[in-house]
Amino acid sequence: MTDGFAETYGRAPDGVWRAPGRVNLIGEHTDYNDGFVLPFALSRGVSVAAARRDDGVIEVRSRQASTVVTAPVDGPPVVSEGWPSEHAWAAYPVGVARVLQEHGTGGASLLIDSDLPQGAGLSSSAALECATALALCDLHGVEIDRPALARLAQRAENEQVGMPCGLMDQSASLLCTAGHALMLDCRSELSSQVPFDPAAAELTLLVVDTRASHTLTGGEYGRRRAECEEAASLLGVDALRDVKDLAGALGSLRDPVLRRRVQHVVTENHRVEASVGLLRAGALSEFGAMLNASHLSLRDQFEVSWPEADVTVDVALRAGARGGRMIGGGFGGSVIVLTPAARAEKVRDAITAAYEKRAWTPPEFLDAIPSQGAHRLN
Ligand code: ADP
Ligand code: MG
């Protein structure tokens with residue numbers, strides 16, 4: 001990657017920064033309801049080789065994109081500029097540069113490379129934002145603590161890219177540590193490290209990319225957020241996190257769709273808290289039941305699952321896995337499966353065979369090892 005930089009820009013980079021993708025163990029569609037999430041960082045991520053520039057310009061290239069984009073760092077929100085679709089990917093790094101320049105950073109030349117699948121629910125977008133953000137801060141000598149940097153990266157995705165995401169992805173990428181998941185309270189934005197080391201318990205956490213791609217900007221995701229807001233307002237609470245009496249809340253809502261949404265969010269928050277308790281107690285295999293309950297709730301109450309995800313979970317359980325669930329916003333992306341390590345191969349084969357039988361694109365597997373958050377490589 002460093003070699004490629006010199007060929008492209010005619011000079012060595014000042015450094016290389018890397019930020020991981022993440023898997024959210026449990027707590028789906030809870031972040032924008034002021035609730036709890038429990039992500040951990042993957043060993044895979046996005047690397048950014050970068051050189052400082054002092055002309056107020058950011059130039060971005062990616063080994064995973066064919067276009068070169070050069071833009072001033074103090075422009076209007078990228079989303080308002082109407083960039084052509086082949087430049088859309090660059091809204092993430094340029095957006096970060098535009099948000100951070102208000103805090104004292106400036107221009108840079110970037111070469112991006114990644115071993116993280118895009119659009120697979122593993123948060124390549126936040127990895128790209130966070131690696132870029134760390135690079136710009138270091139290059140321009142700007143110190144921003146990590147929780148604050150996560151918020152700025154989130155702001156970039158919200159305001160610059162136009163994607164109304166919560167704070168989880170950027171927090172996971174910047175705050176996670178090896179051998180742990182991160183319990184994040186999305187209201188207080190306080191987080192704590194929760195031990196999570198499946199290998200030590202002779203378990204494997206598989207990430208299955210179902211190869212069904214998602215398009216989350218607007219659409220169903222925005223609709224779910226709006227439904228949650230509407231339900232909260234009908235229930236007279238600031239956010240669904242504040243619903244204490246679920247039965248009472250369900251009884252008072254007339255719209256069956258809103259009832260299902262509330263049921264999911266409230267029970268999912270309880271599942272995160274229960275999961276943290278199990279993990280702190282070292283009861284990792286009991287945690288599988290939480291994954292299963294989460295999947296059913298996402299499928300039946302929140303209605304964001306997709307056929308490949310349902311089949312993956314089903315087949316994995318029948319092949320001896322302890323639990324599994326869809327991850328990410330829904331309608332495509334990945335599934336996680338917790339299985340005894342000794343059965344991992346059997347589970348993988350069973351899933352592959354099930355896809356083959358249905359003539360679906362073969363799934364891809366990733367062993368997820370809880371890894372360190374964003375850092376400077378050299
Ligand atoms: P996810 O975050 O789940 O991977 P998103 O749709 O939020 O999915 O973000 C994916 C988008 O992020 C891609 O479509 C692309 O625009 C951008 N992106 C991620 N990684 C890279 C990369 N290595 N090079 C260029 N763009 C990237
Ligand atoms: Mg994303």
Side-chain angles (χ1 to χ4, degrees), residues 1 16-28 31 37-48 62-64 92 112-134 146 150 153-154 157 165-184 191 193-201 203-211 213-214 275 279 284 287 291 309 312 323-329 332-339 341 344 348 363-377:
M1 158 142 233
V16 182
W17 291 261
R18 183 170 172 83
R22 60 96 189 99
V23 159
N24 185 25
L25 271 180
I26 196 156
E28 211 65 79
D31 57 349
V37 292
L38 191 62
F40 69 89
L42 293 167
S43 58
R44 296 200 188 200
V46 172
S47 297
V48 172
S62 166
R63 288 198 191 281
Q64 286 74 45
Y92 297 90
I112 293 151
D113 197 3
S114 168
D115 59 4
L116 192 62
Q118 294 175 30
L122 303 179
S123 197
S124 67
S125 60
L128 175 53
E129 291 152 15
C130 294
T132 302
L134 272 194
R146 287 192 173 216
Q154 179 206 11
E157 189 154 338
C165 62
L167 184 61
M168 170 175 62
D169 298 350
Q170 295 79 8
S171 299
S173 192
L174 286 165
L175 300 176
C176 281
T177 59
H180 293 84
L182 185 83
M183 161 68 144
L184 173 69
S191 62
Q193 304 286 338
V194 181
F196 178 59
D197 187 357
L203 293 166
T204 297
L205 192 89
L206 292 175
V207 179
V208 188
D209 180 353
T210 68
R211 309 294 302 283
S213 65
H214 67 168
S275 298
L279 295 182
L284 229 76
F287 167 62
L291 296 177
T312 302
R325 71 173 194 92
M326 57 153 281
I327 57 170
S334 299
V335 165
I336 54 173
V337 170
L338 185 69
T339 172
R348 238 183 262 145
E364 271 170 23
F365 299 94
L366 194 90
D367 277 12
I369 298 160
S371 302
Q372 70 177 128
H375 56 286
R376 186 174 185 154
L377 286 179

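We use all heavy atoms of the structure for the numbers below, so side chains are in, but hydrogens, waters and symmetry mates are not. Counting from 1, the numbers follow the sequence of the chain as shown.
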Backbone N/O of [Y] and side chain of [X]: donor-acceptor pair under 3.5 Å:
| X | Y | value |
| --- | --- | --- |
| S124 | Q118 | no |
| Q193 | L175 | yes |
| Q170 | C130 | no |
| S191 | M183 | no |
| R146 | A374 | yes |

pair [X]-[Y]: side-chain heavy atoms closer than 4.5 Å:
| X | Y | value |
| --- | --- | --- |
| L25 | V194 | no |
| T210 | P363 | no |
| R22 | D169 | yes |
| N24 | R325 | yes |
| L291 | V337 | no |
| E157 | S125 | yes |
| L366 | D209 | no |
| L167 | D31 | no |

Distance from [X] atom [atom1] to [Y] atom [atom2], nearest 0.5 Å?
| X | Y | atom1 | atom2 | answer |
| --- | --- | --- | --- | --- |
| D367 | L205 | CG | CG | 9.0 Å |
| I336 | T312 | CD1 | OG1 | 12.5 Å |
| R18 | D113 | CZ | CG | 8.5 Å |

Minimal non-hydrogen separation, [X] against [Y], with atom names:
| X | Y | result |
| --- | --- | --- |
| F40 | H180 | CB-O, 3.5 Å |
| L116 | R44 | CD1-CB, 3.8 Å |
| V207 | A368 | CG2-CB, 3.7 Å |
| S275 | I26 | OG-CG2, 3.6 Å |
| C165 | Q154 | O-NE2, 3.2 Å |
| S173 | A126 | OG-O, 4.4 Å |

Query raised in the report: Looking at L182, V37, L38, which hits side-chain contact (heavy atoms from CB on, under 4.5 Å) with M168?
Result: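 Passing option: V37.
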
Query - side-chain contact (heavy atoms from CB on, under 4.5 Å) partner of P198, chosen from L206, L284, I369, T204 - result: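 For P198, the side-chain contact (heavy atoms from CB on, under 4.5 Å) test succeeds with only one of L206, L284, I369, T204, which is L284.
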
Query raised in the report: Does the pair I327 and E28 meet the rule for a side-chain contact (heavy atoms from CB on, under 4.5 Å), with working shown?
Result: CA-CA 7 Å; I327 57 170; E28 211 65 79; 3.9 Å; yes

Query raised in the report: Are side-chain N/O atoms of Q64 and S114 paired as donor and acceptor at under 3.5 Å?
Result: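 No.
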
